[in-house]
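Some notes on the structure that comes next.
Every chain is numbered from 1 and lettered A, B, ... according to where its sequence line falls, protein lines coming before strand lines.
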Amino acid sequence: MTVRTRFAPSPTGFLHIGGARTALFSWAYARRHGGTFILRIEDTDVARSTPEAVQAILDGMQWLGLTHDEGPFYQMQRMDRYRQVIAEMLEAGTAYRCYMSREELDLLRAEQEARKEKPRYDGRWRPEAGKTLPAPPAGVAPAIRFRNPKDGVVGWQDQVKGRIEFANAELDDFVIARADGTPTYNFCVVVDDRDMDITHVIRGDDHVNNTPRQINLLQALGAPVPQYAHLSMILGDDGQKLSKRHGAVSVMQYEEDGYLPEAVLNYLARLGWSHGDEEVFGMEQFVKWFDLDHITASAAQFNTEKLNWLNAHYLKLADPQRLAAEASRRLAAQGVAVDGGPDVADVAVLYRDRVSNLNELADAIHPFFVAVVPTAELVAQHLTEAARKGLKALSDRLAGCTWQAADLGQAVKQTAAESGLKMPQLAIPLRIVLLGQPQSPSIDAVLEVMGRERVLARLAREIPV
RNA sequence: GUCCCUAUCGUCUAGAGGCCUAGGACAAUACCCUUUCACGGUAUGAACCGGGGUUCGAAUCCCCGUGGGGACGCCA
């Protein structure tokens, strides 16, 4: 049997971190077993679904490289199929028409809650042997309800949580089609999972309570029951539940914040799943290792610091041209052009191990392209008379120096010695003049990458001849 | 209220009855490297929710509490 998994988001917002991890695990499981990964858009909530949200989900998955093999399928385009199945169920007696009005339903619920009971449909329109149903009220369009088994238990071996069982008595006859004829979530999922031959349903554990209903429905349809794996949720950095109001952000926000997709992927893979002590690995390795047995059953708290660490790690490994492209794009967004300046890739390599994201990288290399005026405080503190003299001497020496790190370093050293300055007493003022700040990578590398022309021009501006 | 899930360092986790004096990673702290700042390296501190069982032996199995989460829609 070939493995078929699916990711089935509802397009009511962006792809957030929890959804991304669900997609990642579903994708990885299919890849691991040479199976098929299907994307299905559950857009039956017409009021809340938008094409923008569909696009946002597609963008997020593309950024992460989670490519699907089939789909995207849209539930709204499968209405005919759902209606057909509903008709079959009505025919077979596994579903029935319910003429109860909203008002009656609300009343029933209120009574049950007053009695501290679990609110549920009381089955008043459920056909039963020897039971006489009331006459259907005129002009009322019925909802269609599933005839759920009354006794016994529904259970399954959850691939992450173990055996889970529900008493059928806890479940009521839920609506599978609204009065206006549109099918509901639990019904569409079941029809789709069957039609698409889904073998493994990997989804958030907020669906645990839907699973017994879906299994009963599947069985009423005579369809095979897939394996289920329910992933626990991801909590925010503060341990609080993620919600639109609180902390939930689009995965595309991570791209905007300067994260590399491979870092986000590695982080997510390790959040709620483990392979011994392995912490750093790429997707190829992940796919080889991934299994359902090592998924954590409890909720996990998101930890931005660890993500930052991974991102810094992948930044050190990234192709310099890629860093250059990303940093240039970010500088351009700030109105900074890199054309005519030093080689962006060279500068980026100088700073890649000092930053933890691409925005920091762009900020760090910024002064190479636009002269930064040092603060008066820095100038007052470091550009002493002696330092200025030293810089002047250095400027003269640099004009005729071979432009290579080793020689440049030598030039700075000699100038310092001849001017009676200690290395930092010359190098720090030099950094301030060149970059506007007292810290930088090693000074010889900075000089080499910045280029003679630019270095001399900046020195001349601060140290008039 | 009822049902369901869950519980190891601050955080992510390893752990399938003896390998656990509980391991790794992030974060923290200290030191080393570096005539700057980082990176890097080394080291240190830091946890089995509580109570009962089962067993020669429990972080691991069972029960009861407690904490956290979810679900009870003609939402998905």
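Nucleotide B:U36 holds its P atom 12 Å from the CD1 atom of A:I443, rounded to whole Å. For A:N308 and B:A38, the CG to C1' distance is 15 Å, given to the nearest whole Å. In this structure, the CD atom of A:E170 is 5 Å from the C1' atom of B:C3, given to the nearest Å. Distance A:W273 CH2 to B:A25 P: 17 Å, rounded to the nearest Å. Atom-to-atom, CG of A:D193 to C1' of B:A76 comes out at 14 Å; the value is rounded to the nearest Å.
Straight-line distance between the C1' atoms of B:G41 and B:A59: roughly 33 Å, to the nearest whole Å. Taking the P atoms as reference points, B:A7 lies 9 Å from B:C49, given to the whole Å. The separation of B:C33 from B:U42, taken at their P atoms, amounts to 15 Å, rounded to a whole angstrom. Across B:U29 and B:C64, the matching C1' atoms stand 41 Å from one another, rounded to whole Å. Between B:A46 and B:A14, the distance separating the two P atoms is 22 Å to the nearest Å. One P atom belongs to B:C61, the other to B:A47, and the distance between them is 22 Å to the nearest Å. Rounded to a whole angstrom, the distance from the P atom of B:A43 to that of B:C9 is 24 Å. If you take atom P in B:U66 and the same atom in B:G73, they sit 26 Å apart, rounded to whole Å.
Distances from the side chain of A:W309 to the nucleotides B:C26, B:U6, B:C74 place B:C26 closest. Taking every side-chain heavy atom of A:D277 into account, B:G24 is the closest of B:G73, B:G24, B:U36. Residue A:E279 places its side chain closer to B:C12 than to any other of B:C12, B:G69, B:C75. Of the candidate nucleotides B:G70, B:G73, B:C75, B:C75 has the atom nearest to the side chain of A:R102. When the nucleotides B:C74, B:U35, B:G1 are ranked by their closest atom to the side chain of A:P119, B:G1 comes out on top. Nearest to the side chain of A:E42, among B:C26, B:U2, B:A76, sits B:A76. For A:I164, the side-chain atoms get nearest to B:C4 when compared with the rest of B:C75, B:C4, B:G70. Closest to the A:Q301 side chain, of the nucleotides B:C12, B:G69, B:U36, is B:C12. Residue A:K161 has its side chain nearest to B:U6 when only B:U6, B:C3, B:U36 are considered. The side chain of A:K306 lies closest to B:A25 when the candidates are B:U13, B:C4, B:A25.
Within 3.5 Å, a donor on the side chain of A:N210 pairs with an acceptor on the base of B:A76, or the reverse. At a cut-off of 3.5 angstrom, the base of B:G70 holds no donor-acceptor pair with the side chain of A:D205.
Checked against A:S26 for a side chain to side chain contact (heavy atoms under 4.5 Å, CB included), the options A:L231, A:I202, A:V201, A:I38 give a single hit: A:I202. The only option from A:Y29, A:F286, A:Y267 that meets the ring-ring contact (aromatic ring centres under 6.0 Å, His included) definition with A:W273 turns out to be A:F286.
Distances shorter than 4.0 Å separate none of the side-chain N or O atoms of A:R115 from OP1 or OP2 on B:G1. Note on A:R109: a side-chain N or O is less than 4.0 Å away from OP1 or OP2 of B:C74. The shortest distance between the side-chain N/O atoms of A:T184 and the OP1/OP2 oxygens of B:C74 is not below 4.0 Å. Remark: A:R352 is not in phosphate contact with B:G40, judged by side-chain N or O atoms under 4.0 Å from OP1 or OP2. OP1 or OP2 of B:G40 lies within a sub-4.0 Å distance of a side-chain N or O belonging to A:K316. Note on A:R178: every side-chain N or O is 4.0 Å or more away from OP1 and OP2 of B:G73.
A donor and an acceptor atom, one from each side chain of A:N311 and A:Y254, are nowhere located under 3.5 Å apart.
B:G65 is paired with B:C49 under the Watson-Crick or G-U wobble criterion, all donor-acceptor distances under 3.5 Å. The base-pairing partner of B:A25, taking Watson-Crick or G-U wobble contacts with both distances under 3.5 Å, is B:U11. In this structure B:U42 sits in a base pair with B:A30, meeting the Watson-Crick or G-U test at under 3.5 Å. Remark: B:C56 base-pairs with B:G18. Criterion, Watson-Crick or G-U wobble with two distances under 3.5 Å. In this structure B:C72 sits in a base pair with B:G1, meeting the Watson-Crick or G-U test at under 3.5 Å.
Nucleic acid contact for A:T44: sugar-phosphate only, since backbone atoms but no base atoms lie under 4.0 Å from a heavy atom of the residue. Using a 4.0 Å heavy-atom distance criterion, A:S232 is classed as making no nucleic acid contact. Nucleic acid contact for A:F166: sugar-phosphate only, since backbone atoms but no base atoms lie under 4.0 Å from a heavy atom of the residue. Among the protein residues, A:S274 comes within range of the sugar-phosphate backbone only, with heavy atoms under 4.0 Å from sugar or phosphate atoms but none that close to a base. Contact annotation for A:E113: no contact, since no heavy-atom pair falls under 4.0 Å across all strands.
Residue-to-nucleotide proximity on RNA chain B shows that, of A:H294 and A:V175, the 5′-proximal contact is made by A:H294. Nearer to the 5' terminus of RNA chain B, by closest-nucleotide assignment, is the contact made by A:Y121 (compared with the other of A:N186 and A:Y121).
Under the 30°/60° scheme for interplanar angles, the aromatic rings of A:H16 and A:F14 are found to stand perpendicular.
Ring-centre distance between A:F174 and A:Y121: not below the 6.0 Å cut-off. Taking the six-membered ring where the residue is Trp, the centroids of A:Y99 and A:W125 are separated by under 6.0 Å.
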